[in-house]
Amino acid sequence: MSLTRKGAATRQRIIEGAAEEIRDQGVFSLRLEDVMGRTATSKSQLFHYFPGGKDELLLAVARYEAARVIDDQQPELGSLTSWDAWWQWRDKVVARYREQGDNCPLHAVMSQLGTATDAARTVARELLGHWQDQLAAGIRHMQDAGETAPGLDADREAAALLAGVQGGVMILLSTGGIAHLEAALDRGIAHLRGISVAIPA
């Protein structure tokens, strides 16, 4: 859909309003009438921008919340250029999820969409791919600086670290405890830092 600047702003306002409604009331209580009231939009406007109705709006909210996952880690995630920077990123991730607790808007929306649907999988792939790419870029920077082994597969190491983080987040959502997330981050970074750099013979 090609939108004017005003149209794009209205569409974004609806998405952000729906996201706020979900954060306040939960995804299962979401009603389009409440979104219209929160965003001062009409039914015709809402269906103009989201002709597929609630499911299409939820998918847009999922993309919005996925982008927030990355945005909330910046600028640290995009500046992994020293071990201090890596620990600062770690602290920011822990703080974000500690504040969020077991109430994860993205997880709630994805569950409502159905995690096996093509659309939901696309959102998840985009999020995790972007996240992994930035971690891998940080690892490559540390390799170039001689701070970790040059022979490491940066993409694979980033994938392992991200898998640990996601596992810690899932345990947090199930139990409310953040210790596993902290352990995954601490061990993942310590692993990268502790790998010996080979000295040429």
Side-chain angles (χ1 to χ4, degrees), residues 1-3 7-74 76-78 89 92-135 158-159 161-176 178 181 184:
M1 179 187 296
S2 179
L3 299 175
T10 300
R11 185 179 186 276
Q12 185 63 25
R13 187 171 80 248
I14 294 170
I15 293 170
E16 292 179 7
E20 290 170 2
E21 193 70 26
I22 289 169
R23 285 174 177 268
D24 290 347
Q25 307 296 334
V27 69
F28 296 109
S29 300
L30 181 68
R31 300 188 313 148
L32 295 182
E33 294 81 2
D34 295 331
V35 176
M36 289 184 279
R38 184 182 283 261
T39 59
T41 51
S42 65
K43 186 174 182 179
S44 62
Q45 282 180 302
L46 192 147
F47 278 93
H48 172 71
Y49 296 111
F50 303 97
K54 187 175 180 178
D55 284 349
E56 186 173 347
L57 176 57
L58 284 174
L59 180 59
V61 172
R63 290 187 184 280
Y64 171 74
E65 292 291 0
R68 286 187 62 171
V69 170
I70 299 297
D71 290 345
D72 287 350
Q73 297 176 58
Q74 302 295 1
E76 288 79 3
L77 179 60
W89 166 72
K92 192 159 196 176
V93 172
V94 169
R96 179 193 193 277
Y97 284 104
R98 178 179 285 118
E99 180 181 356
Q100 178 179 282
D102 58 4
N103 179 27
C104 176
L106 176 60
H107 179 72
V109 174
M110 296 287 277
S111 297
Q112 179 74 357
L113 284 171
T115 54
T117 65
D118 288 342
R121 283 176 172 169
T122 297
V123 172
R125 280 196 298 267
E126 289 172 352
L127 166 61
L128 297 176
H130 190 190
W131 199 342
Q132 182 176 326
D133 286 347
Q134 295 210 38
L135 291 172
L161 180 56
L162 181 55
V165 171
Q166 287 296 291
V169 170
M170 291 306 298
I171 293 173
L172 167 64
L173 294 176
S174 299
T175 68
I178 203 165
L181 174 60

Quiz prompt | Heavy-atom closest contact (A66 atom, V123 atom, distance) | solution = CB-CG1, 4.0 Å
Quiz item: Are any non-hydrogen side-chain atoms of L58 and V27 less than 4.5 angstrom apart?
Solution: yes
Practice problem: Output the distance between atom CG (L135) and atom NE2 (H130), rounded to the nearest 0.5 Å. | Solution: 10.5 Å
Self-check item: Modelled atom types, side-chain donor and acceptor of Q74 and Q134, under 3.5 Å
Solution: yes
Practice problem: Side-chain contact test, heavy atoms from C-beta onward, threshold under 4.5 Å: evaluate it for Q25 versus D34 and give yes or no. | Solution: no
Practice problem: May I ask you to say whether R121 pairs ionically with E126, meaning some side-chain N is under 4.0 Å from a carboxylate O? | Solution: no
Quiz item: For the atom pair CD1 (I15) and CZ (F50), what is the distance rounded to the nearest 0.5 Å?
Solution: 4.0 Å
Self-check item: Non-hydrogen side-chain atoms of T122 and R125 separated by less than 4.5 Å
Solution: yes
Quiz prompt | Side-chain heavy atoms of L106 within contact of L127, under 4.5 Å | solution = yes
Quiz item: Taking C-beta and beyond as the side chain, do L128 and Q166 meet within less than 4.5 Å on heavy atoms?
Solution: yes
Quiz item: Is there side-chain contact between L172 and R98, with at least one heavy-atom pair below 4.5 Å?
Solution: no
Exercise. Check the pair H48, R11 against side-chain contact (heavy atoms from CB on, under 4.5 Å), reporting the backbone distance first and the verdict last.
Key: CA-CA 9 Å; H48 172 71; R11 185 179 186 276; over 6 Å; no
Quiz item: For the residue pair A184 and G164, what are the closest heavy atoms and their distance?
Solution: CB-O, 3.3 Å
Self-check item: Taking every non-hydrogen atom, the tightest pair across R13 and T41
Solution: NH2-CG2, 3.3 Å
Self-check item: Atom pair OH (Y49) and CD1 (I14), whose distance is rounded to the nearest 0.5 Å
Solution: 7.0 Å
Quiz item: Ion pair present between R38 and D24, side-chain N to carboxylate O less than 4.0 angstrom?
Solution: yes
Quiz prompt | Heavy-atom pair of closest approach, residues P105 and Q100 | solution = CD-OE1, 4.0 Å
Quiz item: How long is the gap from NZ on K92 to CD on Q73, to the nearest 0.5 Å?
Solution: 9.0 Å
Self-check item: Closest non-hydrogen atom pair between L181 and V165, with its separation
Solution: CD1-O, 3.6 Å
Quiz prompt | With sequence neighbours excluded, residues passing side chain to side chain contact (heavy atoms under 4.5 Å, CB included) with E33 | solution = R31, M36
Quiz item: If every non-hydrogen atom of A62 is compared with every non-hydrogen atom of V109, which pair is closest and at what distance?
Solution: CB-CG1, 3.8 Å
Self-check item: Nearest-0.5 Å distance, CG of residue D102 to OH of residue Y97
Solution: 13.5 Å
Quiz item: Any sub-3.5 Å donor-acceptor pair from Q12's side-chain atoms to E16's backbone N or O?
Solution: no
Exercise. Please examine the side chains of K54 and L32, heavy atoms only from C-beta on, and report whether any two atoms are closer than 4.5 Å.
Key: yes
Quiz item: Taking only residues two or more places apart in sequence or in another chain, which ones pass side chain to side chain contact (heavy atoms under 4.5 Å, CB included) with A18?
Solution: V35, L57, V61
Self-check item: Spacing of CD belonging to E65 relative to SG belonging to C104, to within rounding of 0.5 Å
Solution: 8.0 Å
